[in-house]
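Okay, structure first, notes after.
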Amino acid sequence: MTDTGKEPWLAEGLALLAEQGAQALTLERLCERLGKTKGSFYHHFGSVPKYRTSLLAYFEAGFTAAIIEAVERSDAGSGREKLERLLLKVALRDGPELEIAMRAWAKQDPEAKAVQARVDETRTAYLRTLCEQAGFADPERMAKLLYVVLIGAGHLTPPLPPAEVVAMYELLLSSNQPEIG
């Protein structure tokens, strides 16, 4: 995804974002958490705005493109198998904190908003493709419904546990049978 010198900064930035929100993404906090110098930061990124741009790209690559690529490389052959693999993989990942923090950041920052919009479109387009391949009568709405479950489950207080999200996906997929013939 990125060179090893930048990787720790970006991974730590996502961890900090998930824990404390976008306002916590300061040079001082990052240096303190990584035990590195400001000079090291500037060597890799040049400025805090460039770091934030890199962080958004890192999020998009790791939490959208990489997941889609993993599903496409998997042994799952049919659209339905890929859809089930994707939903299970996404539902059982780490908690919803990063997704929630990204959406909060997108409400305050135009660059984060543009990335979040692109991420949402890429994810729902992929879901729509899989729903089409699986033969659902209304793949557009099914894709949006599946995505809304993911996003909404994380925003409940407390967030739905992964097993509950998986059960909801199973219910949706079984109650919305594909068209036959």
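Just so we're clear, the structure is a prediction, and the values are computed from it rather than from any experiment.
- In this model, no donor atom of one side chain and acceptor atom of the other lie less than 3.5 Å apart for S78 and Q133.
- The minimum heavy-atom distance linking L130 with K82 is given by the pair CD2-CB, 3.7 Å.
- Residues K144 and D120 are not paired through a salt bridge, judged by the lack of any N-O separation under 4.0 Å between the basic side chain and the carboxylate.
- Using a 4.0 Å cut-off between a side-chain N of Lys or Arg and a carboxylate O of Asp or Glu, R85 and E81 do not qualify as a salt bridge.
- With hydrogens and angles disregarded, no donor-acceptor distance shorter than 3.5 Å links the side chain of Y169 to the backbone of L88.
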Show your working on salt bridge (Lys or Arg N to Asp or Glu O under 4.0 Å) between R33 and E28 and close with a plain yes or no. CA-CA 9 Å; R33 285 175 65 130; E28 291 74 22; over 6 Å; no

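- Closest approach of A18 to A101, counting heavy atoms only: CA-CB, 4.1 Å.
- Minimum heavy-atom separation, F136 to L83: CE1-CD2, 4.0 Å.
- Taking the six-membered ring for Trp, W9 and Y51 have ring centres at least 6.0 Å apart.
- Listed for the T124 side chain is a donor-acceptor partner under 3.5 Å among the backbone atoms of E121.
- Judged by distance alone, the side chain of R52 and the main-chain N or O of L25 form a donor-acceptor pair under 3.5 Å.
- F63 approaches R123 most closely through the heavy-atom pair O-NH2, 3.0 Å.
- The closest donor-acceptor contact from the side chain of S40 to the backbone of K36 lies at 3.5 Å or more, if one exists at all.
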